[in-house]
Amino acid sequence: MAKFREATSEEAAFLASLLEHGLLIESDVPGVYGYNAVFVDIFERLDGLITRHAEVDRAESIRFPPVLPKTTMESCGYLASFPHLGASLFGFEGSESHAAELAETAANHGPWPHQVQTDLVMTPAACYPVYPAIARRGPLAPDGICIDAGAAMVFRNEPSGDPARMQIFRQRELVRIAEPDTVAEWRNSWRDRAMRIFQSLELEPKLDVASDPFFGHSGRLLSASQREQALKFEILVQIASPQPTALASFNYHQDHFTRVHGISMSDSSPAHTACLGFGMERCTLALLRKHGLDPVLWPSSVRLELWQ
């Protein structure tokens, strides 16, 4: 079981107000919530705002379920870097007497017996199913491809009392696959576009070089290298935690995913990838924290951006 991070007093107070107003709906597991109509409306209008800014990319829109073949996670090396965040799916396998034992144990909330690992895992990032899907098409056109994977549901095994650190959440993801200079330029252009989006929503965003939460000693070396090469940027906004929270990230993978999945340009030259992801629940929470829990009372300039 993943270690639970206790909420600070400010995080706990913010969560309590969200639950009291019905914006979030509590479950029996930390970091897993339902949303009411007001929360969903803000969420969808944010999604529409991002879509308007993405029109220039002429991205192909495709969608995937929140589960991923286990082999995809294994092939890309996810478990070498993030074993603490991944989660696999298990299912029952056994006889009738095993089923009765399972039912009895489950009724008492004990560990379920006779469960075996399936071929599926929870999707940890919205871009992961994109690469094998594009690889199946063969070599890329000269300008490569841009994919809009939508606001896909992803899972991270990190229970927390901070409402902005959910275990299952939606990640609005766009992916660019092309020759290296094109990909790097696209990633940097979106970094600037996203800053303008958050500035228009009066969230006082800050841009910073970042690193992924790699695991262990070797992970600390990977984090240092990632920062040194500026392969990852984040846009940070103060929500309820003592430190600002990342609302969006911009990642340049170089040729990692194209090597793993065998993606190349039409002239056989190397292809690189980059992705950007907006944490949609975090963006919604940032707006509620900054402007209040009733969107009707938000600044007119912010409402104009979202309720065009």
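Computed from a predicted model, the values in this text were never measured in an experiment. Along the sequence shown, residues carry numbers from 1. Keep in mind that the numbers below use all heavy atoms, side chains included, and drop hydrogens, waters and symmetry copies.
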Taking it one step at a time, do Tyr78 and Val121 satisfy side-chain contact (heavy atoms from CB on, under 4.5 Å)? CA-CA 12 Å; Tyr78 186 85; Val121 298; over 6 Å; no
List the steps and the verdict of side-chain contact (heavy atoms from CB on, under 4.5 Å) for Gln167 and Phe155. CA-CA 6 Å; Gln167 292 200 80; Phe155 179 86; 3.8 Å; yes
What pair of heavy atoms forms the shortest contact from Ala59 to Ile147, and how long is it? CB-C, 4.1 Å
Between the CZ atom in Phe215 and the OG atom in Ser223, the distance rounded to the nearest 0.5 Å is 12.5 Å
Does the distance from a Lys or Arg side-chain N to an Asp or Glu carboxylate O, for Glu60 and Arg137, drop under 4.0 Å? yes
Check this for me: Gln229, atom CD, are more than 12 non-hydrogen atoms of other residues, nucleotides or ligands nearer than 6.0 Å? yes
Salt bridge (charged side-chain N to carboxylate O under 4.0 Å, His left out) with Asp212: which of Arg227, Arg156, Lys232? Lys232
Tell me whether the count of non-hydrogen atoms from other residues, nucleotides or ligands lying under 6.0 Å of CH2 in Trp307 goes above 12. yes
So, does Arg282 use its side chain to make a donor-acceptor pair with the main chain of Thr245 at under 3.5 Å? no
If you take all heavy atoms of Arg63 and Ala149, which pair is closest and at what distance? NH1-C, 3.5 Å
Closest approach of Pro129 and Thr123, non-hydrogen atoms and distance? CD-CG2, 4.3 Å
Can you name the closest pair of heavy atoms from Ala126 and Gln171 and give their distance? N-OE1, 2.8 Å
Residue Asn36 excluded, over 12 heavy atoms near CG under 6.0 Å: yes
I need the minimum non-hydrogen distance between Glu26 and Tyr33, along with the two atoms involved. CA-CD2, 4.2 Å
How about Glu173 and Val130: do any of their side-chain heavy atoms sit closer than 4.5 Å? no
Got Leu85 and Glu158 here, is their nearest side-chain heavy-atom distance under 4.5 Å? yes
The test is side-chain contact (heavy atoms from CB on, under 4.5 Å); show your working for His253 and His272 and say whether it passes. CA-CA 7 Å; His253 314 121; His272 280 201; over 6 Å; no
Centroid-centroid distance, Tyr252 to Phe233, less than 6.0 Å: no
Are Leu287 and Leu247 co-members of a hydrophobic cluster defined by side-chain heavy atoms under 4.5 Å apart? yes
Could you state whether Leu19 and Ile25 fall into the same hydrophobic cluster, counting links through intermediate Ile, Leu, Val, Met, Phe, Trp or Tyr residues with side-chain heavy atoms under 4.5 angstrom apart? no
Once you round to the nearest 0.5 Å, how far does CG of Leu46 lie from OG1 of Thr51? 10.5 Å
Between Arg196 and Asp192, does any side-chain N to carboxylate O distance fall below 4.0 Å? no
Distance (rounded to the nearest 0.5 Å) between His114 NE2 and Glu101 CD: 3.5 Å
Looking only at atom types and distance, does a side-chain atom of Gln254 sit under 3.5 Å from a main-chain N or O of Phe257, one as donor and one as acceptor? no
Flag the pair Ile235 / Ile197 as yes when at least one side-chain heavy-atom distance between them is below 4.5 Å, and no otherwise. no
Can you confirm whether Leu18 sits close enough to Leu285 that some side-chain heavy atom of one is under 4.5 Å from a side-chain heavy atom of the other? yes
Examine distances only and state if a side-chain atom of Arg58 and a backbone atom of Cys146 form a donor-acceptor pair shorter than 3.5 Å. no
Using a strict cut-off of less than 4.0 Å between a Lys/Arg side-chain nitrogen and an Asp/Glu carboxylate oxygen, indicate whether Arg176 and Asp143 qualify as a salt bridge. yes
Tell me whether Glu185 at atom CD has more than 12 heavy atoms from other residues, nucleotides or ligands lying less than 6.0 Å away. no
Examine Phe14 and Leu236 and state if one hydrophobic cluster contains both, with Ile, Leu, Val, Met, Phe, Trp and Tyr joined whenever side-chain heavy atoms are less than 4.5 Å apart. no
Rounded distance (nearest 0.5 Å) linking atom CG of Asp57 with atom CD1 of Ile145: 12.5 Å
Under 4.5 Å between any side-chain heavy atoms of Val154 and Phe169, yes or no? yes
Less than 4.0 Å between a side-chain N and a carboxylate O, is that true for Lys290 and Glu202? no
Just so I know, are the side chains of Val38 and Pro295 near enough to count as touching, which here means a heavy-atom distance under 4.5 Å? yes
When you compare the side chain of Pro142 with that of Met265, does any pair of heavy atoms fall below 4.5 Å? no
Under the 3.5 angstrom rule, does the side chain of Asp162 hit a backbone N or O of Ala164 as a donor-acceptor pair? yes
Check whether Trp112 reaches the backbone of Thr105 with its side chain - one donor and one acceptor, N or O, closer than 3.5 Å. no
Test item: Ser225 side-chain N/O and Leu221 main-chain N/O as donor-acceptor pair under 3.5 Å: no
Please report the closest heavy-atom contact between Asp47 and Ala151, naming both atoms and the distance. OD1-CB, 4.2 Å
Do Glu10 and Arg289 sit within salt-bridge range, that is, some charged N less than 4.0 Å from a carboxylate O? yes
Do Phe39 and Leu288 make a side-chain contact, defined as non-hydrogen atoms from C-beta onward lying under 4.5 Å apart? yes
Side-chain donor/acceptor of Arg172 to backbone N/O of Phe278, under 3.5 Å: no
So, His261 side chain and Ile134 main chain: donor-acceptor pair closer than 3.5 Å or not? no
Roughly how far, to the nearest 0.5 Å, is NE2 of His256 from OH of Tyr131? 9.0 Å
Counting only heavy atoms from other residues, nucleotides and ligands, does the tally under 6.0 Å from CD of Gln199 exceed 12? yes
Does Met122 form a side-chain contact (heavy atoms from CB on, under 4.5 Å) with Leu89? I'd like the steps, not just the answer. CA-CA 7 Å; Met122 297 298 293; Leu89 297 179; 3.7 Å; yes
Rounded to the nearest 0.5 Å, how far does NE2 of His98 lie from CD of Gln115? 12.0 Å
